[in-house]
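Okay, structure first, notes after.
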Amino acid sequence: MYTDKVMDHFENPRNVGEILNASGLGTVGNPKCGDIMRIYLDIDENQIIKDCKFKTFGCGAAIATSSVATEMVIGKTLNEAMLVTNKAVLEALDGLPEEKVHCSLLAEEAIRAALWDYAEKNNIKIEGLKKPKADLE
Ligand code: FES
């Protein structure tokens, strides 16, 4: 049912935890199941994402998608991080069962909420980034 990549990230999730004084913090809820995802971004003065951590009250699919999404944004520019969509995350994991696809939305939305938080704090605009629907902060 789950691919080897999903199982690997579920059993050995990368970048779990928090970043003190994060440059950007995003917390979103999944309306379908009520689960919650929080993403912390550490962004340097050149606007490169140096570190990304996550915490979740979510299922295994949410853990796997967030784990791989954190790996995909570390080292990226803000615009490159915008390309880490749930579609890109699903591809990186070789897919999820149809009924678990909604779980992968949490990672994309939480990253974007954290980018929005950073953009607001630094008074910048990130191309294509919209105000998060439901940042729980
Ligand atoms: Fe809630 Fe997967 S069931 S995130």
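All residue numbers refer to positions in the sequence shown, counting from 1. Start at 1 and go down the list; that is how both ligands and their atoms are numbered.
For a distance threshold of 2.8 Å, the protein N, O or S atoms nearer than that to atom 2 (Fe) of ligand 1, listed by chain and number, are C59 SG, C103 SG.
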Please table the atom pairs, donor to acceptor, closer than 3.5 Å between any side-chain atom in residues 96-110 and protein atoms at least two apart or in another chain.
| from | atom 1 | to | atom 2 | distance (Å) |
| --- | --- | --- | --- | --- |
| H102 | ND1 | N30 | ND2 | 3.1 |
| S104 | OG | V101 | O | 2.6 |
| E108 | OE1 | N86 | N | 2.6 |

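The pair R14-D8 counts as a salt bridge, with a side-chain nitrogen and a carboxylate oxygen less than 4.0 angstrom apart. Taking the charged nitrogens against the carboxylate oxygens, D42 and K50 have no contact shorter than 4.0 Å, which rules out a salt bridge.
Looking only at side-chain heavy atoms (C-beta outward), I74 and N15 come within less than 4.5 Å of each other. A 4.5 Å side-chain heavy-atom check between L78 and I124 finds at least one atom pair inside the cut-off.
A donor-acceptor pair under 3.5 Å links the side-chain atoms of T3 to the main chain of L93, judged by distance alone.
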